[in-house]
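Letters go in sequence order (proteins before strands), and every chain restarts at 1.
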2 protein chains.
Amino acid sequence: MTGDTQSWRRAAPASPVTLDDVARRAGVSLATASRALGEHPHVAAATRARVREAAEALDYVASPEAARLAGGPTGRVAVLVPHPSRWFFGELIEGLEAALRAADLDLVLFRVGGPEERAAFFDRLPARRKVDAVVVLAVAVDDAEHARLASLGVDVVVAGGRVAPYPSVGIDDHGAGRQAMDHLLHLGHRRIGLIAVDDDARASAWRTALADAGIEPEDELATTVAWGGEGGAEGMARLLGLRTPPTAVFAHDDETALGAIRTLRRAGLRVPEDLSVIGVDDHPLAALTDLTTVAQPVREQGRRAGELVAAALRGDLQEPLAEVLPTRLVLRGTTSPPGAPR
Amino acid sequence: MTGDTQSWRRAAPASPVTLDDVARRAGVSLATASRALGEHPHVAAATRARVREAAEALDYVASPEAARLAGGPTGRVAVLVPHPSRWFFGELIEGLEAALRAADLDLVLFRVGGPEERAAFFDRLPARRKVDAVVVLAVAVDDAEHARLASLGVDVVVAGGRVAPYPSVGIDDHGAGRQAMDHLLHLGHRRIGLIAVDDDARASAWRTALADAGIEPEDELATTVAWGGEGGAEGMARLLGLRTPPTAVFAHDDETALGAIRTLRRAGLRVPEDLSVIGVDDHPLAALTDLTTVAQPVREQGRRAGELVAAALRGDLQEPLAEVLPTRLVLRGTTSPPGAPR
DNA sequence: TTGAAAGCGCTAACAG
DNA sequence: CTGTTAGCGCTTTCAA
């Protein structure tokens, strides 16, 4: 590093080598050089080799701007994220980043959390002309938004969920809910509470699992809360306020479940002796807190979604396939048969 | 939404609105429109207003490629993140995204965890500027990398830490460590353990705080572990293995602290009655688990860093200032005087 | 203060 | 198979 006091400031960029230089050195026309470097079909092998050599020697790096301007792809993918700071989305992003990087695509992040942000994105479409594809992370896209997305003229892939007509990669949320519920039912619980975050597939799994077990789902046992630990804590408090509280609770996700457990501890109740709790995700803290849960491969969902985008951009994606990755019950210490002594 | 089975595929892009269209609608020349939209000086206020109005009405989005090709900025900022899925970095990203968006800058995410990924970034960002600036999130930048960045002609800002000559925004890590240590010392602890993740400022605060209190820092009381809950658990296990275990522990961060507490619980020890634990961050789970900690404004650090970049790109940043945001001790339930009954 | 015109570096027809 | 020729959309001299 220079001792220059101004060294933190930007210096002058290095001299640029253009395709023209490469073409000249290889003794071909600019157009041929372009074709040779791109994976174009009709180029003599020898020519191609010569051009590549020249490019190599000159340490040539193409200008993405110029390429794009002339009609090529941008080499960029927009990623729509509602909550970047949540573990789930962070994992999704890590997986995506890895796959996109491997495909030589840059990841441009757009946060679309609240309604204003959504509106800001879909109305203004700041991604216009800036990306080749859009990856939507676990957010529902309504018809109007879908229409806007379509007007972008880019490929769309969904990760961590499933949205109408787009290719997607996610888990079977209903199935995951069933795994959790069936586990509780197997243990012998009949009065099972639900702490939902949305009226989603996991919530509906609660109903159908109960119904299938010949138990009438009671509305008072289902409560919907804001996402997160605090929400979970509040939901559990509500359930404890019931004349007859449940003997087990299925929480929307691990963080919500952890919140529920806090409420139980504060109320002097033991988990799982007095009440069983199960979540979904297999968040790192679930292992740490010995939380029984239904694990889902989050990073993998991101990775696959990234691969799907890459394939779509190559034109290799024929059908809007919806990939469903497996979930699995992880037995730990927060569930046991009802009224189990110790 | 169309019922077309192919509707998931990219549709034809909506006709792109060019600067030309804006200029025409505003009744000025292309050049004037460009100047009006850019913050150029010599444009009549009325003209500028008219052009802006036209742009607004037409929902105009500039083509970054064309702008860049013609010598302008890219309107993009690279963000280097080591671990996107960790809460700390997610928060930083949320803050950054908000600030960059407000400045009309796009955020391009690059993960730079291991050495290979770093190399990939510094090699590939190459020669051609894909971004106008780089925000480095809490990672060290070596001299070669620094040189590379400088030669690319991009501005650099650091968030969540402090790196050599760059403008940065972070906290006083040593100070935060002192807040934690002083709290423990105030409570009367003399034998205080350290679970470090690095040989960093927080770790050094452990030493100086003890020394200042007239206590000789014993090496066996300081243990370094891998980041995260598992690391914390392991570190605590090591400390418990000592002939004379500490009566309190300062953990590098909340997640590490949570891991330590797990080990204590499993060992049948009570927190804080048998052993006090304090972390740093004020992670959402800290509130949930009643963990005493030193809070730092993470999202705010990201936000400020974003503002700094925007300023630097406008040329409004005169000096490489290093902003230090305040931390504060958050008293909760995992610390108490040593040997405190109940 | 504004307009006209010249590229920025590359890709994609269209000829040869 | 390869060369020629237009632009892509924007920022900038250079004049007016």
Side-chain angles (χ1 to χ4, degrees), chain A residues 13-52 54-55 58-76 128-132 153 313, chain B residues 12-52 54-55 58-76 104 126-130 132 153 313 315:
Chain A
S15 67
V17 176
T18 73
L19 225 203
D20 226 29
D21 300 325
V22 175
R24 201 153 348 179
R25 189 179 218 271
V28 297
S29 77
L30 209 186
T32 302
S34 172
R35 284 187 285 248
L37 260 23
E39 308 293 273
H40 272 76
H42 301 289
V43 191
T47 310
R48 178 164 315 209
R50 201 139 35 80
V51 174
R52 287 206 173 139
L58 262 32
D59 211 26
Y60 167 76
V61 181
S63 157
E65 344 294 335
R68 171 63 187 129
L69 195 51
T74 67
R76 258 172 263 135
R128 221 173 337 161
R129 301 160 119 184
K130 294 179 180 167
V131 298
D132 302 326
L313 291 179
Chain B
S15 63
V17 177
T18 74
L19 225 204
D20 226 29
D21 300 324
V22 176
R24 200 152 350 182
R25 190 179 216 271
V28 297
S29 77
L30 210 186
T32 302
S34 172
R35 284 187 284 247
L37 259 24
E39 310 289 271
H40 271 76
H42 299 288
V43 189
T47 310
R48 178 164 314 207
R50 204 138 35 82
V51 173
R52 287 205 173 140
L58 260 32
D59 218 22
Y60 169 74
V61 175
S63 158
E65 338 295 337
R68 173 74 190 113
L69 192 53
T74 66
R76 259 171 256 139
D104 217 43
R128 299 337 182 105
R129 273 223 333 275
K130 289 173 130 177
D132 301 327
L313 291 179

Nucleotide dG9(D), atom C1' - distance to CG of L19(B) in whole Å: 8 Å
V22(B) side chain reached by R25(B) side chain, heavy atoms, under 4.5 Å: no
5′-ward residue of the pair A31(A)/R48(B) relative to DNA chain C: R48(B)
Touch class at under 4.0 angstrom, heavy-atom based, for S34(B) against every strand present: base
Donor-acceptor pair under 3.5 Å, R35(B) side chain vs dG3(C) base: yes
Interatomic distance, E65(A) CD vs dG7(C) C1' [rounded to whole Å]: 16 Å
Where V28(B) and A33(B) come nearest, the two heavy atoms and their spacing: CG2-N, 4.1 Å
Closest to the H42(B) side chain, choosing from dT1(C), dG9(C), dG3(D): dT1(C)
Nearest-angstrom distance from the residue atom CZ of R50(A) to C1' of dG3(D): 14 Å
D20(B) CG to S34(B) OG distance, which is reported to the nearest 0.5 Å: 11.5 Å
Spacing between R128(A) atom CZ and dG9(D) atom P, to the nearest angstrom: 13 Å
N/O donor-acceptor pair under 3.5 Å between R68(B) side chain and T74(B) backbone: no
Interatomic distance where CG belongs to L37(A) and P belongs to dT2(D) [whole Å]: 14 Å
Whole-Å distance separating the CZ atom of R24(A) from the P atom of dC10(C): 12 Å
Proximity to the side chain of S29(A) - top-ranked nucleotide from dG3(C), dC10(C), dT4(D): dT4(D)
side-chain N/O T32(A) vs dT2(D) OP1/OP2, d < 4.0 Å: no
Validation row: L37(A), R52(A) side chains within 4.5 angstrom (heavy atoms): yes
Among dT2(D), dC10(D), dC10(C), the one nearest Y60(B) by side-chain distance: dC10(D)
Contact under 4.0 Å: S63(A) side-chain N or O vs dC10(C) OP1/OP2: no
Main-chain N/O of K130(B) paired to R76(B) side chain as donor or acceptor, under 3.5 Å: yes
Sugar-phosphate, base or nothing in reach of A67(A), heavy atoms under 4.0 Å: sugar-phosphate
D21(A) CG to dC8(C) C1', straight-line distance once rounded to whole Å: 14 Å
L69(B), nearest nucleotide to its side chain (from dC10(D), dC10(C), dG9(D)): dG9(D)
Distance below 4.0 Å between H40(B) side-chain N/O and dT12(D) OP1 or OP2: yes
Given DNA chain D, 5'-ward residue of the pair A70(A) and A44(A), judged by closest heavy atom: A44(A)
Listed nucleotide nearest any side-chain atom of L30(A), set dG3(C), dT2(D), dT11(C): dT11(C)
Phosphate-side-chain proximity, T47(A) and dT2(D), N/O vs OP1/OP2 below 4.0 Å: yes
